[in-house]
Protein chains: 2
Amino acid sequence: MRIPPPPGRALKEPGAAGEGREGRLTRDAVLAAALEIIDGEGAEALSMRRLARALGRDPMTLYRHAPNKAALLDAVAETVLARLDVERGDPDWAGQLRALARSYRRIALAHPHLVPLLVTRPLATPLALRPRGTLRPLEAVLALLTRAGFSAADALHVYRALFGFLHGHVLNELQELVENPEESDDLLRLGLHRLPIGEFPLLRALAPVLAAYDGAGELERGLDILLAGLAATLGRDAAAGR
Amino acid sequence: MRIPPPPGRALKEPGAAGEGREGRLTRDAVLAAALEIIDGEGAEALSMRRLARALGRDPMTLYRHAPNKAALLDAVAETVLARLDVERGDPDWAGQLRALARSYRRIALAHPHLVPLLVTRPLATPLALRPRGTLRPLEAVLALLTRAGFSAADALHVYRALFGFLHGHVLNELQELVENPEESDDLLRLGLHRLPIGEFPLLRALAPVLAAYDGAGELERGLDILLAGLAATLGRDAAAGR
DNA sequence: AAAGTACTGTCTACGCTGTAGACCTACAGG
DNA sequence: CCTGTAGGTCTACAGCGTAGACAGTACTTT
């Protein structure tokens with residue numbers, strides 16, 4: 001009774017939202033569309049149905065390219081993190097880590113809605129089962145540091161310190177501060193006037209400082225402290241400088 | 001046609017799961033039950049219906065105590081963070097921050113499933129609109145540090161560095177490493193044998209080091225570096241030591 | 001050329017989710 | 001006593017992730 005649709009396409013011929021429309025749907029197209037939705041509408045807006053609509057396909061099609069939604073999100077995070085790269089042979093290990101940190105920050109700022117995923121997914125998946133692309137930077141940093149003379153254990157320690165710092169930094173930098181963007185006075189723009197003066201005098205007084213947050217600067221100053229501290233703690237001479 | 005239930009209770013008289021059963025449901029009871037579910041079954045297991053069932057009430061009852069689910073989750077995070085306290089008058093500011101850091105870590109380890117919320121919610125709500133309980137530690141640290149002689153701007157800087165580090169640290173410490181708990185060999189227990197030797201030689205070799213992770217130690221070493229570094233950067237003499 | 005196999009796409013359906021709206025009751029203050 | 005407010009419940013809606021079954025396509029093997 002039921003006429004099966006011409007299998008390449010079926011829904012929405014008539015101008016509807018869907019994009020590409022090439023015969024086969026590729027994994028990369030799925031991930032790219034997912035990232036676009038996350039960037040544009042936030043991570044909660046990404047549902048399998050919403051994603052399928054953006055691709056002009058049936059929702060169930062997505063399950064041919066990912067076993068479930070969590071895996072799909074992991075894969076999106078992976079493609080983004082795969083853009084990190086490390087020059088393993090560079091003898092200036094500190095410089096190389098600085099560059100890595102700056103790349104990570106750049107990526108986080110480019111995809112702020114993805115950051116909760118980036119910092120949070122590793123809590124749910126054992127290290128060895130994580131997408132390979134997310135482990136590659138780790139291996140690369142280990143190579144960089146062992147070539148520079150660190151022990152393997154110290155290299156791991158440095159990696160953890162660096163990414164701990166990085167996660168903390170981007171979470172800081174992406175904190176929402178502004179409540180009322182078009183207001184010109186700092187206190188009002190940040191909404192700090194809502195806080196009772198009796199209980200939060202210092203915080204209220206900080207309005208101009210909060211408003212002048214300098215993410216790039218904070219990153220660099222943090223790296224100064226971290227790299228110098230690590231080099232000292234691990235008993236190496238610091239070429240850690242600027 | 002429809003007989004209304006005796007309004008105090010209605011569902012599940014007969015031994016069903018529900019707890020307390022006092023006439024009025026309190027906000028605290030709601031939050032406590034929510035935390036219990038999150039701790040016991042993970043944050044994704046907490047639905048409004050699941051929570052209502054645990055309380056032996058109709059799901060819609062919850063909306064008398066919180067405007068929506070996000071606010072309810074924020075409130076849970078708030079009650080947990082309210083347990084942090086700071087001795088504002090203590091002249092040993094570094095010692096006080098160390099204590100704060102240890103408390104934060106203790107809380108995070110006690111409620112691991114809550115950690116994604118703790119680090120992630122501030123991205124969604126402007127500072128001034130966050131639950132007051134989460135701003136109180138900030139105000140307290142500002143008071144501590146300004147009394148100890150820091151400028152307000154430096155005090156904020158220290159606060160941010162500390163909580164950035166703390167967030168990064170607990171995310172590190174709560175990373176899932178173990179794939180197969182009952183296995184005795186480190187490599188197999190962590191599942192690292194899955195990684196191709198060619199691509200991940202260093203990571204695979206790290207199995208014993210990964211298995212011996214010492215969270216408390218890492219926190220202290222991180223604090224050593226951070227507090228000394230901050231004291232130096234901000235040009236104060238460091239009483240920052242142990 | 002035929003048959004088998006794997007892959008992709010679609011449809012339907014199930015049990016779940018958050019919450020708006022309406023209603024009803026109990027209690028507090030006048 | 002009446003009135004207002006806050007808490008509890010019920011129903012209903014639109015959307016969710018995904019299991020299962022089926023159909024067509026594109027290779028591979030015979």
Side-chain angles (χ1 to χ4, degrees), chain A residues 1-13 16-31 33-34 37-38 41-76 124, chain B residues 1-13 16 18-31 33-34 37-38 41-76 117 124:
Chain A
M1 276 319 93
R2 171 162 280 305
I3 46 157
R9 63 273 293 283
L11 324 164
K12 48 194 54 184
E13 201 69 43
E19 50 192 40
R21 222 11 5 84
E22 307 97 82
R24 283 287 201 274
L25 183 57
T26 66
R27 183 182 141 99
D28 283 356
V30 171
L31 298 182
I37 292 174
I38 291 174
E41 308 173 36
E44 318 85 53
L46 182 76
S47 72
M48 299 302 263
R49 287 162 152 95
R50 173 76 187 77
L51 177 55
R53 204 177 340 123
L55 291 162
R57 294 302 213 290
D58 182 276
M60 292 310 287
T61 306
L62 301 172
Y63 291 89
R64 302 292 177 192
H65 301 275
N68 53 52
K69 189 185 177 181
L72 194 147
L73 290 174
D74 280 342
V76 173
Chain B
M1 280 316 97
R2 168 164 283 306
I3 46 157
R9 64 273 294 281
L11 322 165
K12 49 193 53 186
E13 201 69 43
E19 52 190 40
R21 215 27 350 89
E22 307 97 82
R24 283 286 201 276
L25 183 59
T26 68
R27 185 183 140 98
D28 283 356
V30 172
L31 299 182
I37 292 173
I38 292 173
E41 309 173 34
E44 318 86 52
L46 183 76
S47 72
M48 298 303 262
R49 287 163 155 92
R50 173 76 187 76
L51 176 55
R53 204 177 340 123
L55 292 163
R57 293 301 213 293
D58 183 276
M60 291 310 287
T61 305
L62 301 171
Y63 290 90
R64 301 293 177 190
H65 301 275
N68 54 52
K69 189 183 178 182
L72 194 148
L73 290 174
D74 280 342
V76 173
L117 251 51

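Below, all heavy atoms of this structure are taken into account, side chains as well, without hydrogens, waters or symmetry copies. We name chains A, B, ... by the order of the sequence lines, and we start the count at 1 in each one.
- Contacts with DNA chain D (heavy atom under 4.0 Å) in residues 41-51 of chain A: A:Ser47, A:Met48, A:Arg49, listed by number.
- Closest approach of A:Ile37 to A:Ala54, counting heavy atoms only: CD1-CB, 4.0 Å.
- Straight-line distance from the CG atom of A:Leu72 to the C1' atom of D:dC16: 15 Å, rounded to whole Å.
- When rounded to the nearest whole Å, the span between NZ of B:Lys69 and P of D:dC16 equals 15 Å.
- The shortest distance between the side-chain N/O atoms of A:Arg57 and the OP1/OP2 oxygens of C:dG9 is below 4.0 Å.
- When the side-chain nitrogen and oxygen atoms of A:Thr61 are compared with OP1 and OP2 of C:dT8, none of them lie within a distance under 4.0 Å.
- Nearest to the side-chain atoms of B:Tyr63 among the listed nucleotides D:dA21, D:dT18, C:dG18 stands C:dG18.
- Distances shorter than 4.0 Å separate none of the side-chain N or O atoms of A:His65 from OP1 or OP2 on C:dC7.
- Pairing each heavy atom of B:Leu25 with each of B:His65, the nearest pair is O-CE1, 2.8 Å.
- The CG-P distance, from B:Leu25 to D:dG7, rounds to 10 Å in whole Å.
- For the residue pair B:Val76 and B:Leu31, the shortest heavy atom distance occurs at CG2-CD2, 4.0 Å.
- Rounded to an integer number of Å, the gap from B:Leu55 CG to D:dG7 P is 15 Å.
- Summarising the geometry, the separation between CG on A:Asp58 and P on D:dG24 is reported as 16 Å, rounded to the nearest angstrom.
- Closest of all the heavy-atom pairs between B:Ala33 and B:Leu51 is CB-CD1, 3.7 Å.
- Between B:Ile38 and B:Leu73 the shortest side-chain heavy-atom distance falls below 4.5 Å.
- Partners of B:Arg50 according to the side chain to side chain donor-acceptor pair (under 3.5 Å) rule, which considers only residues two or more places apart in sequence or in another chain, are B:Glu41.
- Here C:dG21 is the nucleotide among C:dG21, C:dT10, D:dT18 with the atom lying nearest to any side-chain atom of B:Met60.
- What separates CZ of B:Arg53 from C1' of D:dT9 is a distance of 17 Å, to the nearest Å.
- Side-chain atoms of B:Asn68 lie closest to C:dT19 of the nucleotides D:dA21, D:dG7, C:dT19.
- The minimum heavy-atom distance between B:Ala52 and B:Pro59, with the atom names listed, is CB-CA, 3.4 Å.
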